[in-house]
> 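Structure incoming, see below.
Below, chain A is the first sequence line, B the second, and so on; all start at residue 1.
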2 protein chains.
Amino acid sequence: MNPQRTRRRGPALENAILDAAWDVLVEHGYHGLTYEAVAARAHTSRPVLYRRWPTRDDLLLATITRYRAAQPVEIPDTGDLRADAIGFLRNADAGLTGMITLISVQLMDYFRDTGTNFTTLRDALGSPTPTPCEIIVARAVARGDLPDVPRSRRLLNLPFDLFRHDVLMTLRPLPAHSLTEIVDEIWLPLLRR
Amino acid sequence: MNPQRTRRRGPALENAILDAAWDVLVEHGYHGLTYEAVAARAHTSRPVLYRRWPTRDDLLLATITRYRAAQPVEIPDTGDLRADAIGFLRNADAGLTGMITLISVQLMDYFRDTGTNFTTLRDALGSPTPTPCEIIVARAVARGDLPDVPRSRRLLNLPFDLFRHDVLMTLRPLPAHSLTEIVDEIWLPLLRR
DNA sequence: GCCTCAAGATACGTGAATGTTTCTTAGGGC
DNA sequence: GCCCTAAGAAACATTCACGTATCTTGAGGC
């Protein structure tokens, strides 16, 4: 280990380890989340980890929990439906891709074992109602930019579903043109129909 | 090994191994798909596997390919666009759900390890071109039921993407009304726009 | 019925990760 | 400034899978 580095203690050390664990998790997945790899990444040693998190699941849970306090996705309010929609997808693309990837990689085994699924988890975590897409449409209706007619949940949440689908398929952030394509070629024509 | 068992050769042995590999994959995921486990399940030995599939990826691809070849999804040709679309989704719902669930649950580690993703795997398996959705639209255009205008890949494959999304989210077959909703409320209005 | 080749068993070295123990040394409290 | 605790280094036995090499034995072709 680098002799220059000061010896860390308490919360400073703990946070550094969990940050390292998050990096390893995003980079190599659950299978790569070994005590060895995390200790190396955090520039510490395995016994330090074992003293705090006796099992790998403890370490995983602590890592995810620490990042649960992460940034919420902002819903822009520009006064323009298209700008709101694309802006929201852009924010989600920047902030949510890692989390979606993580969940898809990490929790599938849990889903398999418990017989639950994404939807179950989202409901258990307290589903945000209304969803961001529904908020954006409601604002457009209030401005008179869209007719005030009933719309199905599928139509309302279509852009985010397509966004999530593409992220799950590629496990990467989406290029900007995919976001505008979803809004311009799919969602807006259906909303304005 | 059971002395009663006859010694298998050629395709019979190969199919028995790949069937065993499929079972292991479904049961324990990619991480559990070891030469040891597959050889044990198939009542053979690791060298027999190494002679045919030098790497674990070769074994994985062969296993998935065999399963998929055994489970083709029919594309109905009724002369009606809506009936074709809903019929195809219904066939996919009956036949592909297990496959999609498997991939999502079991292969995420593989994606992480190899830096690949769902799309990469689909290409490696030989992506059918044109896709079923594209075939269905082409037939409708040929009949004169749809105008012969250029359409984006996203629009053309929209129903299957939405279907796949819902399967990934619920890890269950979709109810019939979801299939008709995708076709009637989303796809057909955009195609006929 | 004999011959050939591959199936199948067995063993060996390697490498990675586990869980634990021992020892030193640095930081912070007093 | 001293002391105590915990950080960090190092080593240990164990486990599991890998990849290969060697040997036998059975199945199918002729």
Side-chain angles (χ1 to χ4, degrees), chain A residues 1-63 66 105-106 109, chain B residues 1-63 66 106-110 112-115:
Chain A
M1 178 183 161
N2 190 345
Q4 312 282 21
R5 182 181 294 272
T6 169
R7 181 176 288 190
R8 301 152 297 182
R9 283 174 175 262
L13 175 62
E14 206 152 310
N15 288 335
I17 292 174
L18 291 182
D19 288 346
W22 172 265
D23 291 342
V24 171
L25 195 55
V26 168
E27 209 166 299
H28 301 290
Y30 180 71
H31 181 230
L33 187 74
T34 66
Y35 283 88
E36 299 244 349
V38 174
R41 171 80 66 126
H43 301 288
T44 183
S45 61
R46 284 183 292 124
V48 176
L49 304 192
Y50 278 109
R51 285 170 197 142
R52 290 176 167 75
W53 304 282
T55 75
R56 190 158 70 147
D57 285 357
D58 295 328
L59 179 57
L60 174 67
L61 189 63
T63 302
R66 174 166 159 79
V105 171
Q106 304 314 335
D109 280 338
Chain B
M1 179 183 162
N2 189 345
Q4 311 284 19
R5 181 181 295 275
T6 169
R7 181 175 287 190
R8 301 152 296 181
R9 286 177 173 259
L13 174 62
E14 209 152 305
N15 289 334
I17 292 175
L18 291 182
D19 288 345
W22 175 260
D23 291 342
V24 172
L25 191 58
V26 168
E27 213 166 294
H28 301 291
Y30 174 72
H31 184 230
L33 187 74
T34 66
Y35 283 88
E36 302 242 346
V38 174
R41 172 79 67 124
H43 301 288
T44 182
S45 61
R46 284 183 291 124
V48 176
L49 304 192
Y50 279 108
R51 284 169 197 144
R52 291 177 166 74
W53 305 282
T55 75
R56 190 157 69 145
D57 287 359
D58 296 327
L59 179 57
L60 175 68
L61 279 188
T63 301
R66 172 169 160 78
Q106 311 293 18
L107 296 189
M108 284 301 178
D109 279 338
Y110 168 73
R112 270 293 152 228
D113 292 350
T114 60

> With hydrogens left out and only the distance checked, is there a donor-acceptor pair under 3.5 Å joining B:R51's side chain and the base of C:dG8?
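Indeed there is one.
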> Is the phosphate of D:dA6, meaning OP1 or OP2, less than 4.0 Å from a side-chain N or O of A:R8?
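False: A:R8 side-chain N/O out of range (4.0 Å or more) of D:dA6 OP1/OP2.
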> Please determine if a side-chain N or O atom of B:Y35 lies less than 4.0 Å away from the OP1 or OP2 oxygen of D:dA17.
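B:Y35 to D:dA17 OP1/OP2: no side-chain N or O under 4.0 Å.
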> Check B:R52 with B:D58, please: is the shortest side-chain N to carboxylate O separation under 4.0 Å?
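No, B:D58 and B:R52 are not salt-bridged.
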> Measure from CZ on A:R7 to C1' on D:dC4 and round the result to the nearest Å.
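Rounded to the whole Å, the gap is 13 Å.
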> Please classify the nucleic acid contact of A:P54 as base, sugar-phosphate, or nothing, using heavy-atom distances under 4.0 Å.
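The answer is nothing, as A:P54 stays clear of every strand by at least 4.0 Å.
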> Find the distance B:L13:CG to C:dA6:P and express it as a whole number of Å.
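Those two atoms, CG and P, are 12 Å apart.
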> Looking at every heavy atom in both A:R41 and A:A20, which two are closest together, and how far apart are they?
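Taking every non-hydrogen atom into account, CG-CB, 3.4 Å.
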> Can you tell me how far the CG atom of A:L25 sits from the CG atom of A:L60, to the nearest 0.5 Å?
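Here the interatomic distance stands at 6.0 Å.
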> Using a cut-off of strictly less than 4.0 Å, decide whether A:T44 has a side-chain nitrogen or oxygen near OP1 or OP2 of D:dA7.
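It does not, given that no N or O in the side chain of A:T44 lies less than 4.0 Å from OP1 or OP2 of D:dA7.
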> Specify the separation, in whole Å, of atom CZ of B:R46 and atom P of D:dC16.
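So the CZ-P distance, B:R46 to D:dC16, works out to 13 Å.
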> Find the distance B:L49:CG to D:dA17:C1' and express it as a whole number of Å.
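These atoms are roughly 13 Å apart.
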> Quick check for you: among C:dT18, C:dG27, D:dA7, whose closest atom lies nearest to any side-chain atom of A:T34?
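Nucleotide nearest to A:T34's side chain: C:dT18.
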> Ignoring hydrogens and angles, does a donor from either the side chain of B:R9 or the base of C:dG8 sit under 3.5 Å from an acceptor on the other?
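It does not, because no donor-acceptor pair links the side chain of B:R9 to the base of C:dG8 below 3.5 Å.
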> To the nearest Å, how far apart are B:W53 CH2 and D:dG19 P?
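Spelled out: CH2 on B:W53 to P on D:dG19 is 15 Å.
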> Ignoring hydrogens and geometry, is there a side-chain-to-backbone donor-acceptor pair from B:Y35 to B:P47 under 3.5 Å?
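No, B:Y35 side chain to B:P47 backbone: no donor-acceptor pair under 3.5 Å.
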> Want to settle it: does B:E36 or A:I17 sit nearer the 5' end of DNA chain D, counting the closest nucleotide to each?
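The residue whose closest nucleotide sits nearer the 5' end is A:I17.
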> Would you kindly give the CG-to-P distance between B:L33 and D:dC16, to the nearest whole Å?
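Roughly 18 Å, once rounded to whole Å.
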> Is A:S45 touching bases, backbone alone, or none of the nucleic acid, heavy atoms closer than 4.0 Å?
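It contacts base atoms.
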> Expressed in angstrom and rounded to an integer, what is the separation of B:Y50 atom OH from C:dT10 atom P?
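Distance check: B:Y50 OH to C:dT10 P gives 18 Å.
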